[in-house]
Structure formats: structure tokens, C-alpha cells
Amino acid sequence: MLQHKDTHKISELKNGFTHRWFEADFILSSLTCFKLSMANKCFAGLKEKGYSLASLFGILLSLPFIGQNSVNGLLHSNLGSYIEARKDTFYRFKNLEAINWRGILWFFARQFIKLSKKENGGKSPRCLIFDDSVLQKSGKFIERISRVWDHVTGRCVLGYKLLVAVYWDGSSCIPVDYSIHREKGKKKDMPFGLKKKVMKNQFRKARNHSSSAYERIKETDVSKIASMVAMLKRALRNKLEVDYVLMDSWFTCWEVVSLIIKRKGLHLIGMYKGAKTKFDYMGKSLTYSQVRNELGNPIRCRRLGYYYKQAIVQWNGKQVRLFFSKQGKNGKWKTFMSTNTSLSFIEMVKIYQLRWCIEVFFKESKQLFGLGKCQSTDFDAQIADTTMVMIRYMMASLKYRFDNYESKGAIFEQTKEKAVMYSLGERLWGLFLELVKIIEVLFDGCDSDDIIHRLLENEQAAETIGRLLVVEPPETRKAA
């Protein structure tokens with residue numbers, strides 16, 4: 001067992017987060033650090049009378065940090081007597097179509113990167129990670145709602161698919177962009193998995209075609225691949241410093257690979273399942289499974305307990321490296337693709353496991369900040385609520401980072417040296433190595449990646465693994 005990784009602490013923010021954890025000092029210092037006054041420009045010209053939109057925005061951001069789950073709960077609490085605005089005011093704010101929520105999220109993301117850049121030691125590659133998650137809802141008349149496939153539970157549920165791009169800067173995982181989608185389904189008599197009568201009665205409103213809200217509503221019917229490409233292009237336009245783009249097999253395709261190959265210094269690592277795609281290898285046009293068969297006997301990686309093969313192939317005239325790996329002799333082969341042809345197998349696995357950071361983001365955003373809990377029928381409110389959840393996540397991540405990862409937090413002006421906790425990336429790598437060993441011994445042929453995905457989704461499983469992987473905290477080791 002690794003004695004130098006806090007693998008029992010799989011979650012990130014949940015380790016230190018409790019209701020009223022931050023209180024007013026945290027909220028005020030965070031909003032000051034993120035320069036909320038500059039973000040107020042995003043609301044300029046939208047409203048000249050009534051309550052300040054920036055003030056409403058600040059109050060809504062503060063809800064989970066003061067132990068409140070809703071506007072109604074806030075207004076009925078002791079703090080409610082100090083707020084003149086009533087709940088309808090907040091609801092109208094969330095329903096505004098003129099607010100550019102994507103621009104606001106990018107503003108906060110840029111501020112986070114700027115604040116934390118000095119503290120990044122550069123030990124870990126910077127990654128842009130893409131994945132989707134289900135936002136389950138309970139109202140059939142919510143605007144643009146549909147039935148979507150949940151691959152975790154293996155059934156269709158009512159809700160949206162949320163596609164997110166998160167940025168791993170070496171220590172923290174922060175959301176920078178997202179899109180919300182619905183799925184049409186295959187039954188003509190039940191478009192989007194709902195009866196036509198239900199679809200007809202769903203909430204809808206007219207929107208200005210030049211507004212940000214109109215762009216977001218149209219995104220619901222755009223393919224996730226096209227939306228992912230658009231996000232990647234926006235990230236590059238925003239000059240995000242990225243070494244690797246990480247994704248699972250749903251997104252690894254030529255459209256994405258061709259875009260990344262054109263960018264100097266940018267590489268892709270993704271799982272691959274394009275069974276019919278042909279690659280040029282040794283003068284032959286072969287599928288990836290045929291390439292694997294041409295490679296002969298696999299090599300055993302003693303450190304990870306994996307069997308693997310690798311080959312450099314040509315895809316539409318461009319070189320990519322294919323990795324084939326399996327757990328144990330009877331395991332199922334998995335295929336990985338990288339545009340960095342100089343990567344070794346262990347380097348590829350170590351970088352790719354950072355993709356699990358986005359699973360941690362989904363888990364903690366749903367548990368701590370109520371991601372997907374908004375039940376408003378107006379799609380604009382769904383966008384507003386999702387954006388504010390991601391901003392809250394960034395606020396909490398910044399505090400957690402400087403409280404646990406850095407010896408001195410310049411942001412919160414801490415004067416006392418603290419023992420530094422191992423970063424999320426290091427703990428995930430330690431967890432990965434531990435699980436590979438357990439799976440190899442007890443469950444030959446099982447898939448460690450699937451197991452970790454289910455572990456992060458299941459609280460009871462996470463606690464069970466936690467008890468198995470208890471190690472001394474870094475403070476104790478340092479003292480010893």
C-alpha cells in the first residue's frame with residue numbers, strides 16, 4: 001500500500017465543507033478576490049430601476065455558504081429581515097434572457113487562474129477535461145426537458161444532459177464552460193421520450209435572436225461533439241494554457257483530433273471505440289482491433305499490473321499513438337489514443353487518470369451546491385442556476401486550495417505555515433494504483449476505470465474503500 005498518498009480522501013471539497021463553514025468573512029473575501037465589482041459590468045445597462053442585479057447575484061451566490069438551500073428559505077430566516085427584495089425579484093433575475101451567463105462564468109474562471117497561477121508548481125500537466133452528466137428533473141413541463149439515457153443506472157430518466165469542460169491547472173479542477181442538451185430518442189410518436197401532448201404544453205417564451213439566452217436554448221439540440229468542439233475553440237480563444245485534452249470514448253473522433261493536431265504544444269488523450277475506422281499501419285489499412293492483432297504478444301507493466309501493446313499509426317495522414325491495455329490475462333482490451341507519439345504507457349495512464357477529477361466535480365457540485373436541483377420551468381433560470389453552482393464551486397475550491405495545498409495562501413493572507421495536503425491529482429493516482437492491485441488479486445478481468453466511476457457516484461462504496469485505504473495524515477507523518 002502506498003504510504004504517501006491520502007487515498008482515503010477521495011472527495012475534494014466535502015472533506016472540509018459544512019454549512020456555515022465559510023460565514024460572512026469567506027463570502028466577502030472571496031467576492032473581493034474575484035473582483036465582483038468588475039463582474040458588475042456584465043449587468044451594466046440591463047436594469048436602471050429597482051434592485052441592483054449585482055446585489056441579487058451576490059446574495060444568490062451566498063446561499064449554500066450561509067446554510068440555505070433556496071431563496072424562500074433565506075427570506076424566512078433571520079437574515080431575511082435585512083433583505084428588502086422578495087422572492088419574485090430573485091426569480092425574475094434568474095429568468096432574464098439578456099444576461100450573458102457564459103461570459104460571467106469565463107470571467108470567474110480567468111480570475112481563479114490568475115489568482116492561483118503563482119502557486120502552481122508546474123508538476124502536473126494542465127488539462128482540459130470533457131465529460132457529461134445527467135441532471136434529473138421532476139417536471140415534464142420544464143422548457144426543453146426530455147428523457148435522457150443515464151449510463152450509470154442503465155435507464156432513461158427525465159432531465160437534461162450537462163456537458164462540462166473543466167480545467168485542471170495542476171492543483172485544482174475548475175469549470176470553465178458548459179452546455180445543456182436534450183435527447184431526441186428513436187420513437188416518432190414520442191419525440192424526446194415524451195408524448196406529443198406533453199411536449200406541446202411545455203413552457204416556452206419568445207426570445208430575442210441576438211440574446212445569449214437564444215444561443216443557449218438552441219444548444220439543447222446541437223450534438224455534444226459539436227458543442228465540445230465549440231467549447232475547445234472558446235478555451236483556446238481565451239488563451240487557456242492547456243497541455244492535454246482528456247475525454248472518454250464518446251468524444252474521441254477525427255473532428256476533435258484534427259483540431260488539436262493543428263495546435264502546437266496541445267495534445268489529446270482519449271479512449272477510443274470507433275470499430276470501423278481504418279488506420280494505416282505497416283502499409284495496411286486496418287481497424288484498431290486488427291492493429292492490435294498485428295502487434296503480437298502484450299507486454300506486462302509490472303508497476304500497474306496491466307498488459308499492454310502500443311503502435312504509431314496514420315489517421316487521415318496524421319500520426320497518432322494507439323495504446324491497448326487490459327487488466328489481467330482474461331481482461332477486456334481497452335484502446336487509448338494520443339496525439340503525443342512520444343508518450344510512454346505509464347505516462348499516458350498517469351495523465352489520463354486526471355480525467356476522474358471531473359467525476360469529483362460532478363459529485364461534489366450535486367451534493368454540496370445543488371447542481372441540477374433547480375425546478376424552474378424557464379430554461380433561462382436553469383442556465384442561471386447551473387452557472388452560479390459552478391461559481392460557488394470555484395469560490396470553495398480557492399479557499400480549499402490555499403487552506404490545504406499551499407503553505408501560504410496569498411489570497412487569504414495566512415501568516416502561519418500549515419502542513420500541505422496532497423493534491424487531488426496525487427490522491428487519485430494513489431487510489432488508482434491501490435485499486436489496480438486489489439482488482440488484479442481479487443477480481444481478475446474487471447475494469448478499474450468503471451469501478452472508480454461507480455465508486456465516486458456511490459457514497460456507501462466510497463466510505464467502504466476509504467476504510468480500506470486509511471493512511472496516516474500528512475501532518476502526522478511530518479511530525480514523525
Side-chain angles (χ1 to χ4, degrees), residues 125-133 149 151 161-168 177-179 181 183 222-236 242-263 265-281 285-292 306 308-326 332-345 347-359 362 447-450 452-453:
R126 297 158 298 184
C127 302
L128 190 62
I129 309 166
F130 292 91
D131 202 1
D132 60 0
S133 182
W149 178 256
H151 67 274
K161 275 290 184 70
L162 174 68
L163 174 62
V164 180
V166 299
Y167 179 61
W168 172 259
D177 206 346
Y178 72 92
S179 58
H181 301 264
E183 293 180 351
V222 173
S223 74
K224 285 184 286 185
I225 292 291
S227 185
M228 197 217 81
V229 170
M231 287 187 206
L232 178 56
K233 290 180 178 179
R234 275 194 294 271
L236 297 175
V242 182
D243 299 312
Y244 287 91
V245 178
L246 308 180
M247 62 194 68
D248 62 16
S249 58
W250 293 100
F251 302 103
T252 307
C253 62
W254 174 249
E255 187 176 5
V256 178
V257 170
S258 61
L259 175 62
I260 291 173
I261 285 177
K262 295 176 184 177
R263 302 283 177 166
L266 180 63
H267 293 289
L268 172 143
I269 299 177
M271 289 186 65
Y272 191 73
K273 288 185 178 180
K276 296 182 179 180
T277 303
K278 293 296 183 72
F279 301 94
D280 294 326
Y281 178 69
S285 181
L286 306 172
T287 63
Y288 72 84
S289 58
Q290 291 171 335
V291 172
R292 186 184 68 229
Y306 273 138
Y308 74 95
K309 304 177 183 182
Q310 56 186 340
I312 296 177
V313 300
Q314 294 276 342
W315 191 12
N316 292 335
K318 302 295 182 180
Q319 278 193 347
V320 295
R321 183 180 285 272
L322 296 180
F323 296 92
F324 309 96
S325 68
K326 65 178 181 178
K332 185 179 179 180
W333 284 104
K334 278 192 169 185
T335 305
F336 297 85
M337 177 184 293
S338 176
T339 56
N340 185 354
T341 56
S342 63
L343 269 185
S344 69
F345 176 71
E347 287 174 333
M348 183 277 295
V349 173
K350 192 166 186 177
I351 295 171
Y352 186 74
Q353 58 85 31
L354 291 172
R355 197 186 68 82
W356 295 331
C357 295
I358 198 170
E359 304 291 355
F362 284 134
D447 192 298
S448 60
D449 193 57
D450 288 344
I452 291 180
H453 179 84

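The first residue in the sequence is number 1, and the count goes up from there. Note that this is a predicted model, so its numbers are computed, not measured.
Remark: K326 pairs with no residue by the salt bridge (charged side-chain N to carboxylate O under 4.0 Å, His left out) rule, at least two apart or across chains. When the ring pair (Phe, Tyr, Trp, His ring centres under 6.0 Å) test is applied to F251, no partner is found at least two apart in sequence or on another chain.
Side chains of F324 and V291 form a contact here, defined as non-hydrogen atoms less than 4.5 Å apart. Under the 4.5 Å side-chain criterion, counting only non-hydrogen atoms from C-beta, F279 is not in contact with L286. Counting heavy atoms from C-beta outward, Y244 and L343 have side chains that approach closer than 4.5 Å. The side-chain heavy atoms of L268 and V320, taken from C-beta on, include no pair separated by under 4.5 Å. The closest side-chain heavy-atom distance from V257 to M337 is below 4.5 Å. At a threshold of 4.5 Å between non-hydrogen side-chain atoms, the residues L236 and L266 count as touching.
Looking only at distances, no side-chain donor or acceptor of Q310 sits under 3.5 Å from a matching main-chain atom of R321. Not one N or O on the side chain of S249 forms a donor-acceptor pair closer than 3.5 Å with the backbone of M271. For K273 (side chain) and T252 (main-chain N/O), no donor-acceptor pair under 3.5 Å exists by modelled atom type. In this structure a side-chain-to-backbone donor-acceptor pair under 3.5 Å is present from H181 to V222.
Residue pairs meeting the salt bridge (charged side-chain N to carboxylate O under 4.0 Å, His left out) criterion with at least one partner in residues 225-236, sequence neighbours excluded, are D177-R234.
A distance of 10.0 Å separates OG of S338 from CG of L322, quoted to the nearest 0.5 Å. Put simply, CG on L162 and NZ on K224 are 10.0 Å apart, with the number rounded to the nearest 0.5 Å. Here the OH-CZ distance, from Y308 to F336, works out to 14.0 Å after rounding to the nearest 0.5 Å. The CZ atom of R355 sits 12.0 Å away from atom SG of C127, with the distance rounded to the nearest 0.5 Å.
Taking every heavy atom of both residues into account, F130 and A165 meet most closely at CE2-CB, 3.4 Å. The heavy-atom pair separating I351 from P125 by the smallest distance is CG1-CG, 4.0 Å. Taking all atoms of both residues into account, the shortest heavy-atom contact from T339 to I261 is CG2-CG1, 3.9 Å. When every heavy atom of K350 is checked against every heavy atom of Q353, the shortest pair comes out as O-NE2, 2.8 Å. When every heavy atom of I358 is checked against every heavy atom of V164, the shortest pair comes out as CD1-O, 3.7 Å.
The only option from Y272, Y288, W315 that meets the side-chain hydrogen bond (donor to acceptor under 3.5 Å, both in side chains) definition with T277 turns out to be Y272.
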